[in-house]
Amino acid sequence: MGMKKILVTGGCGYIGSHTIVDLVENGFDVISVDNNSRSNPRILEGVEKITGKKIKNYKVDLCNFDDTFAIFQENPDLSGIIHFAAYKSVGESVQRPLLYFENNLLSLINLLKSVEEFKIPHFVFSSSCTVYGNPAEIPVTERTPPKPAESPYGYTKQMGEQIINEFSKAVSTKCILLRYFNPVGAHPSSLIGELPISTPSNLVPVITQTAIGKLPKMEVHGDDYPTRDGSCIRDYVHVCDIAHAHTLGIQFLLNQQGPMKCEVFNLGTGNGVTVLEAIHAFEKISNLKLNYSIGPRRPGDVVAIYANYDLAKKKLGWQPHYSLEQMMATAWKWEQKLKVDEKFYNGKFSELN
Ligand code: WQD
């Protein structure tokens with residue numbers, strides 16, 4: 001039996017590239033589709049250095065149905081799809097809701113139309129804890145009722161889950177939804193990592209860019225919340241742990257006999273960490289004093305959220321391994337590597353070949 005072939009959409013992105021590494025290391029044949037509008041194709045050179053495998057990327061916009069369909073015509077033997085490609089900036093989605101609804105939902109629908117036409121047997125969707133909004137109870141389980149999203153980005157994840165749920169009832173494709181908490185860190189080799197396309201808004205890249213001097217200072221968005229130190233609580237999870245969950249998800253689907261309903265899994269460590277604790281963990285591993293001040297709350301922020309991941313542990317056999325210190329250490333090592341490779345990654349993304 002030949003290697004199973006998986007199509008990773010958004011394969012040049014942060015979680016996509018780490019997932020390709022994990023899939024290849026677990027014996028899968030992988031192709032990528034990424035229009036590089038918000039990613040750097042050179043990240044696949046890092047994937048190749050780690051795995052020894054050159055990954056083919058189709059530079060295609062999934063909002064173009066014909067171009068998307070053509071990928072499936074060329075690869076009718078696909079065993080599964082892992083769908084990461086989407087815009088993901090909460091703030092931008094508030095300013096440009098139609099851009100987000102069109103891009104994130106039209107690309108998904110085009111993909112699912114091709115999955116149906118070619119009877120692709122397995123589909124994994126990149127979802128987010130953002131679907132829970134401000135949960136009444138924590139840790140959240142997969143049965144915690146979703147709340148109204150805090151942003152159009154969050155709505156595209158909720159609507160994406162609903163579209164896939166209904167799709168999976170009508171076809172034989174087996175689907176799962178993976179709800180990430182806060183993916184952070186980088187591959188231990190520092191050959192791949194997060195590449196924010198503009199000034200980052202997420203905590204860990206802001207910390208590392210402040211530490212390396214790309215940002216003059218950073219602000220803690222509020223320390224007057226009802227938490228142990230007043231700052232917000234999140235469930236930070238290493239991107240390599242998230243990546244391996246996708247490999248386990250595909251293997252879970254491959255092992256399912258007969259029809260199954262769409263299943264959803266939380267991917268978090270179950271360990272709630274405050275913003276100040278995250279900053280102090282970074283200061284400890286880097287032996288640096290971070291230049292931060294306490295600023296006002298950020299609108300739309302959830303006070304506290306962290307995961308119950310028992311279901312992923314039980315059904316996928318998933319267990320997060322990286323500690324908070326390792327998350328910070330790999331993120332910091334990657335930021336320092338970027339400083340050295342500045343020119344390599346600095347060109348305009350969509351013009352890089
Ligand atoms: C974490 C905490 C901030 C920056 C978002 C999306 C979610 C997912 C991950 C895509 C918050 C605080 C941050 C700073 C700060 N994205 N912070 N100063 O908001 O939990 O989740 O990114 O899937 O869907 O909603 O992550 O890293 O932006 O913020 O104090 O300069 O760090 O207020 O409490 P968030 P984040």
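Remember, it's 1-based here, ligands and their atoms both numbered in the order they're listed.
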Considering only protein heavy atoms, which is closest to atom 22 (O) of ligand 1, and at what distance to one decimal place?
-> Asn202 ND2, 3.1 Å

Quick one: look at Glu219 and ligand 1, take heavy-atom pairs under 4.0 Å, and tell me if it's side chain, backbone, both or neither.
-> backbone

Decide, yes or no, whether a salt bridge links Arg298 with Asp301 under the criterion of side-chain N to carboxylate O below 4.0 Å.
-> yes

Indicate, as side chain, backbone, both or neither, the part of Ser151 found under 4.0 angstrom from ligand 1 when only non-hydrogen atoms are considered.
-> neither

One finds that the ligand 1 atoms under 4.0 Å from a non-hydrogen atom of Thr130 are 24 (O)

For Val90, atoms of ligand 1 separated by under 4.0 Å from a heavy atom | 6 (C), 25 (O)

Taking atom types as modelled, find out whether Asp22 and Thr247 have a side-chain donor-acceptor pair closer than 3.5 angstrom.
-> yes

Of the side chain and backbone of Phe84, name the one, both, or neither that has a heavy atom under 4.0 Å from an atom of ligand 1.
-> neither

Among all protein non-hydrogen atoms, which one is nearest to atom 2 (C) of ligand 1, and what is the separation to 0.1 Å?
-> Tyr236 OH, 3.6 Å

List in chain and number order the residues that pass ring-ring contact (aromatic ring centres under 6.0 Å, His included) with Tyr132, two or more places apart in sequence or in another chain; answer none if no residue qualifies.
-> none

Is it the side chain (CB and beyond), the backbone, both or neither of Tyr180 that lies under 4.0 Å from ligand 1, heavy atoms counted?
-> neither

What is the closest protein heavy atom to atom 20 (O) of ligand 1, and at what distance does it sit?
-> Arg234 NE, 2.5 Å

Using only heavy-atom distances, determine whether the side chains of Glu219 and Ser293 contain a donor-acceptor pair under 3.5 Å.
-> no

Identify the protein heavy atom lying closest to atom 33 (O) of ligand 1, giving its residue, its atom name and the separation to 0.1 Å.
-> Asp301 OD2, 2.5 Å

Return the residue, atom name and 0.1 Å-rounded distance of the protein heavy atom closest to atom 4 (C) of ligand 1.
-> Ser201 O, 3.2 Å

for atom 27 (O) of ligand 1, nearest protein heavy atom and its distance come out as Leu203 N, 2.7 Å

Does the ring center of His246 lie less than 6.0 Å from the ring center of Tyr180?
-> yes

What atoms of ligand 1 come closer than 4.0 angstrom to any heavy atom of Cys232?
-> 34 (O)

Is any NZ, NE, NH1 or NH2 atom of the basic residue among Glu283 and Lys289 found under 4.0 Å from an Asp or Glu carboxylate oxygen of the other?
-> yes

In this structure, which one of Ile43, Leu23, Val239 forms a side-chain contact (heavy atoms from CB on, under 4.5 Å) with His18?
-> Val239

Phe65 six-ring face occupied by Lys113 cation (under 6.0 Å, within 45°) = yes

Under 3.5 Å, is there a donor-acceptor pair between the side chain of Asn291 and the main chain of Pro216?
-> yes

Please could you name the atoms of ligand 1 that Val275 approaches to less than 4.0 Å, counting only its heavy atoms?
-> 2 (C), 12 (C), 30 (O), 32 (O), 34 (O)

Please could you name the atoms of ligand 1 that Val220 approaches to less than 4.0 Å, counting only its heavy atoms?
-> 30 (O)

Partners meeting side-chain contact (heavy atoms from CB on, under 4.5 Å) with Val303 (sequence neighbours left out) | Asn134, Tyr225, Pro226, Thr227

Is it true that the NZ or CZ of Arg234 lies under 6.0 Å from the centre of Tyr306's six-membered ring and within 45 degrees of the ring axis?
-> no

Say whether Tyr14 and ligand 1 are in contact under the criterion: heavy-atom distance to a ligand atom below 4.0 Å.
-> no

shortest atom 7 (C) of ligand 1-to-protein heavy-atom contact is with Ser128 OG, 4.0 Å

Atoms in ligand 1 flagged as close to Val206, the criterion being non-hydrogen separation under 4.0 Å = 31 (O)

Is it true that Tyr14 and Phe84 have ring centroids separated by less than 6.0 Å?
-> no

Mind checking whether Asn182 contacts ligand 1 via backbone (N, CA, C, O), side chain (CB onward), both or neither, at a 4.0 Å heavy-atom cut-off?
-> side chain

Got the closest protein heavy atom to atom 29 (O) of ligand 1, with its distance?
-> Arg298 NH2, 3.2 Å

Measuring from the heavy atoms of Tyr153, does anything fall under 4.0 Å of ligand 1?
-> yes

Any Lys/Arg nitrogen of Asp29 or Lys4 sitting under 4.0 Å from an Asp/Glu carboxylate oxygen of the other?
-> no

Would you mind listing which atoms of ligand 1 come within a distance below 4.0 Å of any non-hydrogen atom of His221?
-> 4 (C), 13 (C), 14 (C), 15 (C), 17 (N), 18 (N), 30 (O), 31 (O), 33 (O)

